[in-house]
> 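What follows is a structure written as structure tokens; I'll ask about it next.
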Amino acid sequence: MALPLAYLLITVGSEAGEALDVVWDPRTAALVARSAGLALAVTAASVAIALPLAWLTARTDLPARRAWTVLATLPLVIPSYIGAYAYVSALGPTGLLRDSLAGPLGIERLPDITGFAGACLVLTLFTYPLVLLPVRAVLRGLDPQLEEAALGMGRSQWQAFRSVVLPQLLPAIGAGAILVALYVLHDFGAVSIMRFDSFTVDIYTLYRASFDRTGAAALALVLVALMLVLLWLESRARGGPLHRSATGAARPARLIPLGRWRLPSLAFCALVCALAVGLPAGVLVYWSLQSFAGSPDWAGTVSAAGSSLLVSGLAAAVAAACAIPIAILAVRYPGRGSSLVERLSYTGYALPGIVVALALVFFATRALPAVYQTLGLLVFAFLVLFLPLAIGSAQASLRQVPPSIEEAARSLGRSPLEVTRTVTAPLMASGVLAGAALVFLTAVKELPATLILAPTGFQTLATEIWNATSVGFFERGAIPSLVLLAVAAPALYLLMDRE
Amino acid sequence: MRITRGGTKLLATAFAATAAAAALAACGGDDADDGSLTVYSGREEEYVGPLFDRFQEETGIELDVRYGDTAELAATLIEEGGNSPADLFFAQDAGALGALQREALFAGLPAQTLERVPARYRSLEGAWVGTSGRARVIGYNTESLSEAELPASILGFTDPKWKGRIGWAPTNGSFQAFVTAMRITLGEQATEDWLRGIVANDPVVFSDNEQIRDAIASGEIDAGFLNHYYIAEAIAEEGPGYPVRAYSPPGDVGSLINVAGIGVLESSDGKDEAERFTDFVLSDPEQEYFAEVVKEYPLVPGIPADPQVTPLAEIEQPDVALGELGDLEATLELLQRSGAL
């Protein structure tokens with residue numbers, strides 16, 4: 001996990017003076033402000049959308065709760081570059097919407113949606129499920145005793161939520177929020193299409209325009225520093241360990257009747273799903289209908305789908321296996337060492353894919369040429385990039401398991417390893433599986449590392465889409481994009497707890 | 001909350017099966033050194049895929065092609081250094097080739113290969129050779145402008161009458177190569193003045209040439225700076241009614257011709273085959289292919305360009321050594337200082 005960091009330090013170390021110039025450049029400070037601003041805005045917006053959605057679908061008598069849950073989680077499988085492009089081509093100054101309004105209303109141009117607002121909108125719509133999933137899982141698992149006690153003592157529903165439920169949700173909100181914030185820091189697709197000058201865009205520009213590895217590495221290190229600040233903020237907000245401590249079996253909470261809030265609630269769910277799923281899917285369907293005329297390459301798409309499934313499936317399995325010990329270490333044995341391991345594991349997720357890929361190129365060609373550009377190295381790259389997704393979810397589920405159960409097993413004579421295997425791991429299973437599914441969903445759309453590290457000639461759905469779109473044939477990229485959604489959607493099933 | 005035992009088992013089986021399949025796939029692949037060549041192609045499959053197929057058919061030499069962004073592949077090759085599995089680098093622009101030449105990663109090409117193309121389209125030291133050319137042009141909307149209304153030089157677009165009417169792509173590699181050429185021919189100060197003048201005219205910023213072309217076609221902007229073949233392609237596809245045409249100001253830096261090119265890597269263990277591939281790309285039929293299908297300029301003298309585009313001979317080019325366009329550090333600084341980036 002520390003390989004990207006080591007690579008950055010080696011690259012910067014060879015030309016420390018130049019790297020310092022980049023870091024102290026006033027432009028870099030402006031970049032930090034812009035990127036941090038975007039990350040915070042997207043995170044706040046994601047929480048604002050995810051929290052009511054989670055509460056509505058988990059705790060109220062909202063009609064068709066399951067369907068809304070599935071629909072509201074779907075944006076997770078839409079790659080940000082596709083989502084952003086769909087938005088620009090639909091709502092841009094001269095997009096599809098303009099085309100359909102130009103005739104009847106005589107509108108020539110729509111307002112520009114690119115820039116900070118556009119990047120913020122698109123990133124929020126395609127990342128809020130990262131908050132929705134853990135919050136909803138915790139809401140469903142909460143023992144209603146405390147809440148009922150608060151209500152019984154005369155608190156209103158809202159007061160009970162604020163004083164009793166919300167504090168219990170904070171760890172899950174924090175876990176989701178940090179993933180959203182770091183996603184924003186490493187994302188390239190949405191910000192480049194939305195023409196928002198962020199860290200990632202600048203790092204790519206340094207590589208592309210001047211092959212300036214030192215400058216890019218120096219910027220990437222600043223990004224790592226920003227990540228550490230965000231992680232520290234999150235750990236402060238998370239507070240101490242929280243788990244159920246009451247006696248007896250937990251029971252499901254009763255559903256809260258929405259009453260006159262029913263219609264507004266439905267409208268809210270419908271609006272979010274229309275923006276995050278309906279619009280991009282509609283644009284993709286529109287394009288794919290157009291591409292049928294040009295005899296699409298079905299065989300290529302099918303084999304690419306197989307490759308995507310294979311490599312993402314492997315990455316998910318390995319990530320799940322690695323997440324269990326790291327989560328146990330971080331939750332049960334908090335300390336300097338374990339928090340260092342946990343934080344280091346976030347490095348790959350906060351860095352742009354190209355940086356992680358080049359780090360692995362650097363080490364693999366020097367130390368292990370036999371594995372270079374093999375499937376194994378690509379799976380390893382995905383592990384470095386996406387492990388935090390698995391760890392966060394595993395940790396959240398472990399925090400709900402009271403240590404007293406493990407202590408009981410220990411007192412009955414089991415060894416620590418046996419306890420982990422027979423007690424802790426099974427109790428974490430749902431969280432670990434959800435984490436694996438998240439890794440799968442993210443890996444299946446990964447592009448920059450795949451282009452550089454996959455075996456030569458290995459085509460995934462993401463590279464197929466890139467092949468088509470890099471020469472400007474967005475219609476031709478639409479079918480692989482829809483196949484990507486279809487392939488990824490079943491994994492969502494694993495993210496939903498059994499209902 | 002709890003997942004059933006059966007579900008977990010099923011999942012474990014599925015993962016085990018994928019792992020086994022992956023192991024099989026890994027064993028089946030990668031049998032190196034059977035006379036096959038590995039090409040890192042920064043040129044898109046759409047354009048060069050057919051050419052690769054024809055080479056394999058004709059020579060029996062198998063090609064393993066890795067497609068990617070030219071600059072990202074160049075960065076990868078620099079990280080790989082002497083351990084690169086690649087034999088050839090087929091780059092979209094001379095800048096990336098120049099960067100690899102400076103890192104001494106190219107083996108150098110034989111004189112008879114190099115001499116197929118005029119000296120200005122290849123590395124002065126013989127490290128790489130241009131394979132097809134593309135012209136920087138001013139694209140304009142034929143419904144809102146006529147050629148006569150365009151300035152005689154790209155420098156004229158700093159006039160306030162172009163405010164809000166033009167588009168550019170300052171992050172695009174071809175554009176930055178053009179700015180480098182401007183620095184070399186007109187000097188730092190004139191280039192900075194021009195950049196500031198354009199920025200003051202509120203140009204619409206795009207990330208690539210296609211977007212500029214489409215914005216000109218839709219009327220979002222009246223004119224933009226892009227490569228010639230994007231327009232030629234669209235005219236070939238949409239018909240002569242397509243409302244965008246290209247203009248090459250004579251003798252102007254705005255009419256720079258940049259090249260895509262090939263270099264054989266020093267780390268290659270199949271240099272003879274790799275040189276054979278380079279000769280193949282410079283053969284008459286493949287040069288005709290670039291002209292007819294890709295709408296780029298063939299660089300081997302005597303092969304005509306597509307009739308839709310201004311013949312290469314009629315474009316008065318600025319005097320710039322393409323190999324020097326790889327030095328973009330100062331260009332980037334200038335772009336940042338002038339507010340273009």
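Residue numbers start from 1 in every chain, and the chains themselves are labelled A, B, ... in the order their sequence lines are given, proteins ahead of strands.
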> Pro455(A) versus chain B, heavy atoms under 4.5 Å apart: side chain, backbone, both or neither?
backbone

> Run Arg366(A) and Asn83(B) through side chain to side chain contact (heavy atoms under 4.5 Å, CB included) and show every step you take.
CA-CA 7 Å; Arg366(A) 278 161 185 77; Asn83(B) 305 315; 4.1 Å; yes

> Working to the nearest 0.5 Å, report the span between CD of Glu333(B) and CG of Asp25(A).
9.0 Å

> Is chain A contacted by the side chain of Asn172(B), its backbone, both, or neither, given a heavy-atom distance below 4.5 Å?
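It is neither, since no heavy atom gets under 4.5 Å.
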
> At what distance, to the nearest 0.5 angstrom, does CH2 of Trp466(A) lie from CD of Glu44(B)?
6.5 Å

> Below 4.5 Å from any heavy atom of chain A, which atoms of Tyr40(B) appear? Answer side chain, backbone, both or neither.
side chain

> Pick from Pro448(A), Ala359(A), Ala454(A): which one has the most heavy-atom pairs with chain B under 4.5 Å?
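Counting heavy-atom pairs under 4.5 Å, the top option is Ala454(A).
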
> Looking at residues at least two apart in the chain, or sitting in another chain, which of them share a ring-ring contact (aromatic ring centres under 6.0 Å, His included) with Tyr7(A)?
Phe362(A)

> Using the rule given for side chain to side chain contact (heavy atoms under 4.5 Å, CB included), can you reason through Leu358(A) versus Thr76(B), listing the C-alpha separation, both sets of side-chain angles and the distance that settles it, and then say yes or no?
CA-CA 6 Å; Leu358(A) 288 177; Thr76(B) 306; 3.8 Å; yes

> Between CD of Gln373(A) and CG of Asp64(B), what distance do you get to the nearest 0.5 Å?
10.0 Å

> Select one option (side chain, backbone, both, neither) describing which atoms of Leu453(A) are under 4.5 Å from chain B's heavy atoms.
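Backbone of Leu453(A) only, per the 4.5 Å heavy-atom cut-off to chain B.
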
> Walk me through whether Thr365(A) and Glu79(B) qualify under side chain to side chain contact (heavy atoms under 4.5 Å, CB included).
CA-CA 8 Å; Thr365(A) 50; Glu79(B) 290 300 356; 6.0 Å; no

> Minimum heavy-atom separation for Arg66(B) to Ile452(A), with atom names?
NH1-O, 2.9 Å

